[in-house]
S.K.: 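Structure provided below as structure tokens; questions to follow.
Just so it is clear: chains get the letters A, B, ... in the order the sequence lines come, proteins before strands, and each one is counted from 1. Values reported hereafter were calculated over all heavy atoms of this structure, with side chains retained and with hydrogens, waters and symmetry mates removed.
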There are 2 protein chains.
Amino acid sequence: MLSPFGDLETSMWATSCGAATEADHRAREILTRVGDKWSVIVLYQLGEDTMRFTELLRTVPGISQRVLAVTLRGLERDGLVSRTVHPVVPPHVDYRLTPLGETLKETVTSLVRWTHEHLDDIDRARESYDETNGGPPRRPAVPDSDLRSR
Amino acid sequence: MLSPFGDLETSMWATSCGAATEADHRAREILTRVGDKWSVIVLYQLGEDTMRFTELLRTVPGISQRVLAVTLRGLERDGLVSRTVHPVVPPHVDYRLTPLGETLKETVTSLVRWTHEHLDDIDRARESYDETNGGPPRRPAVPDSDLRSR
DNA sequence: CGGTATCCTCTCCGATACTG
DNA sequence: CAGTATCGGAGAGGATACCG
């Protein structure tokens, strides 16, 4: 989730059913943040070791400089990651998990591990699904009337 | 986005499977699904019990009918959730975790539990961050000329 | 009840360029 | 090295309406 700015959902929580309500709402708000794809990966990398900006840029292939910066800012604001600037000539900035971030480490690790362990299962499931359903779901329709003139 | 990174000193799985760039890419793709805000919550709910469509619509307040449908189809395609239609009138459709989905249950549960346990920590961290930084980071800063009427 | 189909907006995020 | 500024495309997701 790249906007560390709060999301403001003014929904109808008052009339919700008993079991899952207020707490789930707030949890969902946080989940939106920690569940972000880049956040999880960055968190995972920082779980391994303290890292510098460029180091993360290399270790998380595919992330852009801007998105990494924004992601780190968000994690820092949420108190999961700390940023330490060493006032030396070429700037040197270290990122590491805070104690709060450490409490997430195991969960994030198991999430990432699960993903790697079940890549093939998911591939097979998708293949099978697409086979019996004639392709992936919800195709954006044929682009023959592709009028995007703006 | 392709990653022309041949060097990856990533981590544990880099050593076990040589083409880690490919695996990383796929892993990120899966993380996007698993890390999706609605998927995690739906998965969590189904971890508790088998549920019907409308039931989920009620217990996951804030989700729209369309998004729930899309989310469920995605989870079904990935083999995490199964859909069972009972040919009765009125229609009755059950959703539940597949065995593969069950293997994710613990991780999802601990993720959700973590958010519940640390809501206050994060609130405090944000408050403190905003205080010392003069507000939340980097709002998109809408130009005056970009005002939209709604 | 359990969905699709459309439309439309808002956010994400990549590419590029510039700075301390 | 470690960012920020700006632009633009793509897609997520909400509202609404309709169907088997």
S.K.: Starting at NZ of A:K37 and ending at C1' of C:dG14, how long is that distance when rounded to a whole Å?
M.R.: 11 Å
S.K.: The side chain of A:P91 is closest to which nucleotide in this list: D:dG13, C:dG20, C:dA15?
M.R.: C:dG20
S.K.: Rounded to whole Å, please give me the gap between CG in A:N133 and C1' in C:dT4.
M.R.: 15 Å
S.K.: Separation of A:L72 atom CG from D:dG3 atom C1', in whole Å?
M.R.: 11 Å
S.K.: Are B:D121 and B:R124 packed together at the side-chain level, in the sense that at least one heavy-atom pair is separated by less than 4.5 angstrom?
M.R.: yes
S.K.: As a test of reading the structure: which of D:dA2, C:dC1, C:dC13 is closest to the side chain of A:Q65, going by heavy atoms?
M.R.: D:dA2
S.K.: Between A:R126 and B:D78, does at least one N-O distance fall below 4.0 Å, as a salt bridge requires?
M.R.: yes
S.K.: Measuring from atom CG of B:L57 to atom CG of B:L68, what distance do you get when rounded to the nearest 0.5 angstrom?
M.R.: 5.5 Å
S.K.: B:H92 has an atom NE2; how far is it from atom C1' of C:dG3, in whole Å?
M.R.: 15 Å
S.K.: Is any side-chain heavy atom of A:L56 closer than 4.5 Å to one of A:L46?
M.R.: yes
S.K.: Nearest to the side chain of A:R66, which nucleotide is it out of C:dT6, C:dA15, D:dC1?
M.R.: C:dA15
S.K.: Where the side chain of B:R73 is defined as all heavy atoms beyond and including C-beta, which of C:dT6, C:dT4, D:dT4 is the nearest nucleotide?
M.R.: C:dT4
S.K.: With sequence neighbours left out, write down each residue that passes side-chain contact (heavy atoms from CB on, under 4.5 Å) with A:E127, or none if nothing qualifies.
M.R.: none
S.K.: Counting only side-chain N and O atoms of A:Y95, is one of them less than 4.0 Å from OP1 or OP2 of D:dC1?
M.R.: no
S.K.: Among C:dG3, D:dG14, C:dG14, find the nucleotide with the atom closest to the side chain of B:V67.
M.R.: D:dG14
S.K.: In residues 46-57 of chain B, which ones come under 4.0 Å of DNA chain C, going by heavy atoms?
M.R.: B:R52, B:F53, B:T54
S.K.: Hey, does the side chain of B:R83 come within less than 4.0 Å of C:dG3's phosphate (OP1/OP2), counting only N and O?
M.R.: yes
S.K.: Can you measure B:L68 atom CG to D:dA15 atom P for me and round it to whole angstrom units?
M.R.: 14 Å
S.K.: On a heavy-atom basis, which atom in A:L97 and which in A:G47 lie closest, and how many Å separate them?
M.R.: CD1-CA, 3.7 Å
S.K.: Taking atom C1' of D:dG14 as reference, at what distance in whole Å does atom CD1 of B:I63 sit?
M.R.: 11 Å
S.K.: Mind telling me whether B:H86 and B:H92 have parallel, tilted or perpendicular rings, with 30° and 60° as the class edges?
M.R.: perpendicular
